[in-house]
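Here's the structure, in structure tokens; my notes come after.
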Amino acid sequence: MARKDALLRLTSRLIARRDALRKALTGDIEGFRNYSDLSSVGDSIDAAVDSANDEISSQLAEIESRELGQIEHALQRIAAGVYGRCEFCGGKISEARLNALPYTNSCIDCQRENERLGQGRSMDAESQRWAKVFSKPADDGEGDAKINLSDFEMDYSESGR
């Protein structure tokens, strides 16, 4: 019963955060529309400040959008009955991790490994990861190759650029 209560509590947290993000993103989009209608630049300094503010707002909206996608995925996993299991190793995700980050899809060990492998990647490394998708011969008789989609997620943080 404690697991069911914890799952209900986490579900309600996810739904509340999802709704807040949807509202924030709607406001961001409306703000962009209203700003573009009123966009009368005074001088080059005003234009530079406006451009910087637009870039920051755009990046924040992107982060919110990505978090919203992760929350939607977590809610789908709850509905499918696989929430709390790591998508990479199949192991159990600790309750403390789920409480701290309820939309996580990986255990701490797999997350650390993914971050370790993702650090310092160059365009060549990015190309090599994508090459795994295309390099498998079609007639090798082994069936479909195991491809981990998280290998192909993009890191938009400043450290990933």
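Annotation: side chain of L68 is not in contact with side chain of E64 (no heavy-atom distance under 4.5 Å). Side chains of Y83 and L98 form a contact here, defined as non-hydrogen atoms less than 4.5 Å apart. A 4.5 Å side-chain heavy-atom check between I78 and L10 finds every atom pair outside the cut-off.
In this structure a side-chain-to-backbone donor-acceptor pair under 3.5 Å is present from T26 to R22.
Linking Ile, Leu, Val, Met, Phe, Trp and Tyr whenever their side-chain heavy atoms come within less than 4.5 Å puts Y103 and I15 in one cluster. By the criterion of side-chain heavy atoms lying less than 4.5 angstrom apart, applied directly or through intervening Ile, Leu, Val, Met, Phe, Trp or Tyr residues, L7 is not grouped with V82; the two fall into different hydrophobic clusters. Residues I93 and L101 are members of one and the same hydrophobic cluster, defined by side-chain heavy-atom contacts under 4.5 angstrom among Ile, Leu, Val, Met, Phe, Trp and Tyr.
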Step-by-step side-chain hydrogen bond (donor to acceptor under 3.5 Å, both in side chains) determination, Q76 to E72: CA-CA 6 Å; Q76 290 170 354; E72 293 288 351; 5.5 Å; no

Side chain to side chain contact (heavy atoms under 4.5 Å, CB included) assessment of N105 paired with Q70: CA-CA 8 Å; N105 65 341; Q70 291 171 324; over 6 Å; no

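Between C107 and C86, the closest heavy-atom pair is N-SG, 3.4 Å. Residue L14 comes nearest to A74 through the heavy atom pair CD1-CB, 4.0 Å, listed as atom of the first residue, atom of the second, then distance.
In this structure, CZ on R13 lies 10.5 Å from OG1 on T11, to the nearest 0.5 angstrom. Note that OG of S106 and CZ of R112 are 11.0 Å apart. Values are rounded to the nearest 0.5 Å. For the atom pair OG1 of T104 and CD of E87, the computed distance is 9.0 Å after rounding to the nearest 0.5 Å.
Taking a cutoff of 4.0 Å between a charged side-chain nitrogen and a carboxylate oxygen, R18 and E67 do not qualify as a salt bridge. With respect to E113 and R116, a salt bridge is recorded, a charged nitrogen being found less than 4.0 Å from a carboxylate O.
Of the N and O atoms on the side chains of Q111 and E115, at least one donor lies less than 3.5 Å from an acceptor on the other residue.
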